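One structure is given below, encoded as structure tokens.
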Amino acid sequence: MKQTNQIDDLIITVLKNSKDAFVSGQTLSNRIGITRAAVWKHIEGLRSEGYIIVSTPSRGYKLIETPDRLSAVGIKQGIKTRVIGKEIVVFDEVNSTNDIAMEKGAQGEKEGLVVIADSQLHGKGRLGRTWISPKGVNLYVSILLRPEFPPLQASVLTMMASVSVATAISKTTGLDARIKWPNDILIDQKKVSGILTEMNAEEERIHYVVIGVGINVNMKKEDFPGDLRMPATSLMESLGRRVDRTELLYTLLESMDSNYEGLKMKGIVSMVQEWRRLCSTLHKRVRISLPGEVITGVAEDITQEGGLVVRIGEGLTKKVYAGDVTLLE
Ligand code: BTN
């Protein structure tokens with residue numbers, strides 16, 4: 001587990017802030033508190049990661065091009081949130097960002113911590129599945145929260161996350177992102193993002209919740225495995241151009257922060273309403289695979305606990321709380 005290098009992040013920040021001007025090795029050395037030789041070593045490292053930095057002995061260094069790299073300093077600089085993102089940690093590679101955020105929760109870390117990774121070795125999906133997590137192209141983000149409502153209402157947090165992801169995608173790309181029950185985000189009926197919520201709670205009280213979000217951002221069509229359960233896409237495939245991961249991340253964290261605040265101030269009902277507005281499953285004929293059973297019917301509504309109300313016959317409805325939905329029309 002390798003956390004991204006903070007000195008590299010600082011060098012990039014100084015070079016970016018200097019806009020088009022060169023920054024001397026001495027200035028970098030003074031600002032960051034390392035020797036000029038160390039500055040040079042870090043610049044070499046950054047170049048090997050794809051940064052294009054020109055240098056002349058008399059004028060110093062100038063940043064020409066930045067690879068699509070996630071950095072904690074860069075992200076923290078641009079973010080305007082109240083709770084979510086007050087603490088951000090970024091890793092090059094982890095097993096699962098959700099596992100790290102759950103560990104931090106157990107260690108007593110404050111709510112609002114965001115764990116980000118450039119790749120995951122064992123990305124986890126819903127129902128024990130694997131979340132494909134290649135390096136350098138997508139977003140893998142987990143958020144630690146300590147909400148003050150009972151465990152039975154925890155699924156509203158997943159609804160809040162779905163609303164936030166769909167909103168952030170639409171805002172950043174202009175694409176029409178929709179929610180498919182329970183918490184898949186689709187573009188043109190293809191899955192672009194998934195959410196996995198994990199919780200540590202006792203009967204009456206939530207200790208902490210981790211909301212894990214995976215978004216396929218710049219992944220190429222040919223890199224998706226052929227045996228996926230449902231058609232998948234990435235923002236780049238749907239849009240026809242690359243999407244800046246950092247910009248999408250800001251928008252996501254800001255949207256999540258304001259929706260979390262809204263949930264605390266206005267309560268569950270208005271969040272459920274927003275979820276309904278963005279949902280593509282309601283009022284459609286669906287087939288739902290439940291453990292040991294498959295039902296078909298019309299998805300009629302969502303309950304405040306996140307269950308789907310399905311009309312399975314004349315005057316007959318069934319509430320389901322977990323399962324895979326296929327739209328039949
Ligand atoms: C799904 O099955 O649709 C949920 C996928 C959730 C994937 C994200 S990626 C970040 C976080 N870390 C994980 O291991 N899983 C979630």
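Just so it is clear, the structure is predicted and the values come from calculations on it, not from any experiment. Counting starts at 1 for both ligands and their atoms, in listed order.
With a 4.0 Å heavy-atom cut-off, ligand 1 is reached by the backbone of V213 but not by any atom from C-beta on. Within the 4.0 Å heavy-atom criterion, the part of I195 lying near ligand 1 is the backbone and not the side chain. Contacts between S142 and ligand 1 below 4.0 angstrom, taking non-hydrogen atoms only, involve the side chain exclusively. Of the heavy atoms in N183, none comes closer than 4.0 Å to ligand 1.
Counted within 6.0 Å of CD on E222, heavy atoms from surrounding residues, nucleotides or ligands total more than 12; the atom is thus considered enclosed. Around CZ of R287, the count of heavy atoms belonging to other residues, nucleotides or ligands within 6.0 Å does not exceed 12.
Taking CG of N200 as the start and CD1 of I206 as the end, the distance is 10.0 Å to the nearest 0.5 Å.
The shortest heavy-atom distance from R129 to ligand 1 is not under 4.0 Å.
Between R47 and S55, the side chains place a donor N or O and an acceptor N or O closer than 3.5 Å (distance only, hydrogens not considered). For the 3.5 Å distance criterion, the side chains of S162 and N183 fail to qualify, holding no donor opposite an acceptor.
The contact set between ligand 1 and G123, taken as ligand atoms under 4.0 Å from a residue heavy atom, comprises 14 (O). Numbered from 1 in the order shown, with element, the atoms of ligand 1 that lie under 4.0 Å from a heavy atom of V141 read 10 (C). Which parts of ligand 1 touch T97 is read off a 4.0 Å heavy-atom cut-off, strictly below it: atoms 10 (C), 11 (C), 12 (N).
Remark: K124 engages D99 in a salt bridge, criterion side-chain N to carboxylate O under 4.0 Å.
With R245 as reference, D118 is the one residue of D118, N138, N218 to meet the side-chain hydrogen bond (donor to acceptor under 3.5 Å, both in side chains) rule.
Which of K191, K124, Q120, R126 comes nearest to atom 3 (O) of ligand 1 through a heavy atom is settled by distance: it is K191.
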